[in-house]
Amino acid sequence: MSVIILLLAASILVAAGFLMAFIYSVKSGQYDDEQSPPLRMLFDNTVQNKTKENEG
Amino acid sequence: MAELKNSQTRTLCFHCGEDCIHEPILAYDHSFCCAGCKMVFEILNRKGLCDYYALNDQPGINCKQKINDEKFNFLDEEKIAASLIDFKDETKTRICFYLPQMHCSSCLWLLESLHKLNEHIVSCKVNFSKKEADIIFLHQKISLREVAVLLASVGYEPHISLNDANKQKAPVDKTRIYKVGVAGFCFANIMLFSFPEYLGIDEKETQLLLLFRCLNLLLSLPVFIYSASEFYISAWKSLQHKFLNIDAPIVLAVWVTFGRSLYEVVTGSGSGYLDSMTGIVFFMLIGRVLQRRTYDRLNFERDYTSYFPVSVTKVEKDGVHQPIALPQIQLDDTLLIHNEELIPADGILTKGKALIDYSFVTGESIPVLKETGEIVYAGGKQTGTNIEILVIKEPAQSYLTKLWNKKDRKELHENESSFVHVLSRYFTWFVISISLSAGIYWSITDASKAWDAVTAVMIVACPCALLLSNSFTNGNILRIFSKHKLYLRNAEVIEKMAAGNVLVFDKTGTLTQTAYRDVSYKGQLLNSEILAKIATLASQSLHPLSKAIVAYLPKSNLKVLAYKEHTGQGIEGIVGADLITMGSKKFICGDTREDNAISFSEVYVAAEGKPLGKFSFRNHYRDKIPALLQKLQKHYRVIVLSGDNDAERNYLRTLLGDDTTLLFNQGPSDKLQMIEQLQSSGNRVIMLGDGLNDAGALKQADVGIAVTDDSNNFTPGSDAIMEASVLHQLYAFIQIAKANKKVVLAAFIVSVIYNIIGVSIAVTGNMSPMIAAILMPASSISIVLITFGLSSLIARSILKNDQ
């Protein structure tokens with residue numbers, strides 16, 4: 001039954017790791033702007049053509 | 001009497017989506033409403049950026065207003081530029097511009113492709129929620145001013161305000177998020193570690209039991225010390241003011257729970273209630289975060305300097321034009337004011353013909369003609385050619401600011417009068433009295449249970465419902481309001497809105513649209529030839545009524561000879577061999593009879609001395625406003641104040657009936673006095689206005705709502721900002737505010753039931769930690785569901801019924 005102590009220690013460490021990851025990600029500013037990344041994701045990387053279209 | 005028909009067909013501009021009021025400009029197989037929009041299209045087309053239009057329909061911003069290229073000259077000034085930029089090294093400069101026109105993914109796409117528009121721009125990163133663009137550019141190849149001009153030329157003119165230039169941008173406050181994270185982590189883990197004890201671990205395994213309990217204790221420390229700290233600070237502050245605010249019961253519960261749990265763990269007599277304690281803190285913090293998010297949606301603390309432009313052009317003694325920042329304006333400076341530019345300080349007109357739009361100062365929507373030597377006041381907007389003024393009063397002392405700052409004394413009366421705060425004050429005493437009486441009872445009957453009962457009562461009596469129900473409901477209502485374009489400053493405004501019984505409306509700009517004016521014609525039928533001549537004559541004059549006629553009639557470009565303008569009376573000229581005259585009734589007909597003093601809003605037209613007819617001008621009321629006013633009248637006392645003359649009195653009368661009070665020629669101080677009068681006779685006033693001239697009145701009113709067409713510019717210390725497009729839903733909004741109280745009450749009743757159950761178990765001294773642990777989250781979660789669910793449902797049904 002003393003293995004449970006090991007398990008407890010391990011689980012607390014893992015959980016603490018997640019807490020650190022949470023704090024780090026908030027600190028690094030990931031969540032400051034929630035609206036542009038979804039939009040940005042959908043843009044195409046258009047190949048730049050040197051020819052000009054539709055000369056007026 | 002024949003009426004002129006409006007024969008324009010509706011085509012939408014390909015770029016900005018607005019109506020092409022004049023003839024649409026056709027190019028590249030598309031129609032555009034103005035040369036500006038067409039120009040933006042050309043720029044994008046040339047650079048291969050037409051995906052802008054592929055992503056959204058008509059994503060552009062209307063470019064009818066020609067950008068004044070000189071507008072950004074002040075960015076060439078080292079000092080001003082230095083206060084705005086974020087970073088600069090030998091080659092690159094980084095600046096963050098606020099671009100309020102951003103509204104869709106096309107905007108984002110275009111702005112992030114800025115480097116394709118100009119190769120000297122390294123990158124542009126957009127923060128859509130804040131409507132900001134971080135631009136890095138090579139400052140040796142392109143100047144800051146040119147970057148701003150480039151942005152303006154594609155329709156995203158940067159909005160630079162003195163506010164941002166002066167203050168360092170406050171770092172986003174994330175500490176509360178960290179506290180929530182820590183509290184959540186500890187709460188969840190404590191609950192997990194409590195399971196063994198709740199779910200039947202063998203009593204003999206004392207080692208393990210002790211282990212779990214100590215772990216719980218350790219885990220609860222961060223919450224006790226760090227996460228709950230803001231409640232301690234708030235309760236302490238209110239204690240210093242000799243009363244208990246709504247955070248006091250929380251602090252009490254937290255301390256008592258922690259104390260008892262500590263005692264139990266140390267003496268081995270029980271497992272403590274640490275899961276309940278961390279649970280309270282966690283749920284309370286979440287409630288606060290949600291509230292704060294909705295508040296931060298709008299930056300409310302802009303003082304008046306955001307309204308005035310950042311810098312003005314000063315004319316030096318040798319005639320050189322020098323841009324200077326607003327606070328640097330001194331007495332006797334000569335300033336050059338361009339068309340559409342705001343006058344920053346009181347001054348005397350020294351050069352040029354001034355046509356000042358004072359609609360924000362006096363409410364008069366017709367611009368005022370000023371000659372050299374006359375005084376022009378700050379807050380007016382020049383419409384016309386450039387003028388020069390000699391400053392006679394420095395900006396800080398202009399009379400608008402005086403009016404405004406005078407009203408600051410109202411802040412002192414802002415005390416917490418909402419019913420929740422009243423209840424919370426007594427809640428603590430109530431709980432303490434119950435627990436004391438339980439304690440006394442048990443110490444007489446069975447002493448061992450006394451201490452248990454006392455602490456159990458304090459633990460279980462959950463004020464969280466009081467607070468959660470309030471903060472969640474308020475937060476949800478605020479969110480619903482802002483989705484419908486009504487932005488309240490804070491949750492207290494909701495209660496004040498619900499309590500209002502008098503509604504005061506400003507007319508110009510609030511009930512009416514500022515720019516557009518209904519023109520109608522009465523008189524002889526005019527053929528297109530005569531119309532063209534009238535239009536040509538009218539276009540020579542800068543008078544606003546002439547401009548309205550020009551806008552109304554089809555464009556024409558004939559030649560005018562012998563043009564003469566008789567100020568205050570009319571204009572005349574020979575167009576194509578006909579002598580056309582336009583002007584007041586007296587000028588045209590020689591008639592001096594006053595027609596209910598409405599000579600102002602009519603322009604008579606004559607050809608060869610023979611009167612043909614007249615153009616009448618009516619302010620265009622916003623859509624659905626008449627219906628709104630009639631609806632409101634049935635339930636509230638409605639008053640309309642206007643800075644204009646009373647030309648509209650009869651029209652408004654027919655609109656509103658005899659019960660509304662209509663007052664005209666109201667200056668800013670008149671409006672303020674009216675509000676004060678109403679309040680002193682015990683009324684609670686909701687005022688709706690649009691700008692600086694009623695800023696004092698808006699602040700004085702119990703609820704001051706600023707109605708705007710562009711929520712970026714006008715936040716003169718009002719309690720709420722409403723976009724003009726949703727003004728007609730005002731009645732529904734007030735109903736929702738009233739419903740707020742009912743939802744809070746409902747949630748409150750549910751929580752009272754929980755409390756009764758909990759406390760009755762607690763006084764018997766039989767409360768086990770497990771029961772407490774179940775009750776607390778259950779009550780919190782159900783409160784959340786009720787508040788969100790009910791308030792959203794009610795709001796939706798009210799808005800639907802209002803259609």
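Proteins come first, then strands; the chains are lettered A, B, ... in the order of their sequence lines, and each starts at number 1. Just so you know, these numbers use all the heavy atoms, side chains as well, and skip hydrogens, waters and symmetry mates.
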- Message: Between B:Leu215 and chain A, with a heavy-atom cut-off of 4.5 Å, which part of the residue counts as in contact: side chain, backbone, both or neither?
- Response: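 Just its side chain gets close to chain A.
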- Segment of B:Asn127 engaging chain A (4.5 angstrom heavy-atom cut-off):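 When you check distances to chain A, atoms from both the backbone and side chain of B:Asn127 fall under 4.5 Å.
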- Message: Check whether A:Arg40 reaches the backbone of B:Leu108 with its side chain - one donor and one acceptor, N or O, closer than 3.5 Å.
- Response: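 Not confirmed, A:Arg40 side chain does not pair with B:Leu108 backbone.
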[X] side, atom [atom1]; [Y] side, atom [atom2] - distance, nearest 0.5 Å:
{"X": "B:Ile177", "Y": "A:Ile23", "atom1": "CD1", "atom2": "CD1", "result": "11.5 Å"}
{"X": "B:Phe193", "Y": "A:Leu8", "atom1": "CZ", "atom2": "CG", "result": "5.0 Å"}
{"X": "A:Ile5", "Y": "B:Gln207", "atom1": "CD1", "atom2": "CD", "result": "7.5 Å"}

- Message: Does anything in residues 12-20 of chain A reach chain B? List residues with heavy atoms under 4.5 Å apart, or say none.
- Response: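 Those residues of residues 12-20 of chain A which have a heavy atom under 4.5 Å from chain B are A:Ile12, A:Ala15, A:Ala16, A:Leu19.
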- Message: What I'd like to find out is whether the side chain of B:Tyr178 reaches to under 4.5 Å of the side chain of A:Lys27, using heavy atoms alone.
- Response: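 B:Tyr178 vs A:Lys27: side chains touch.
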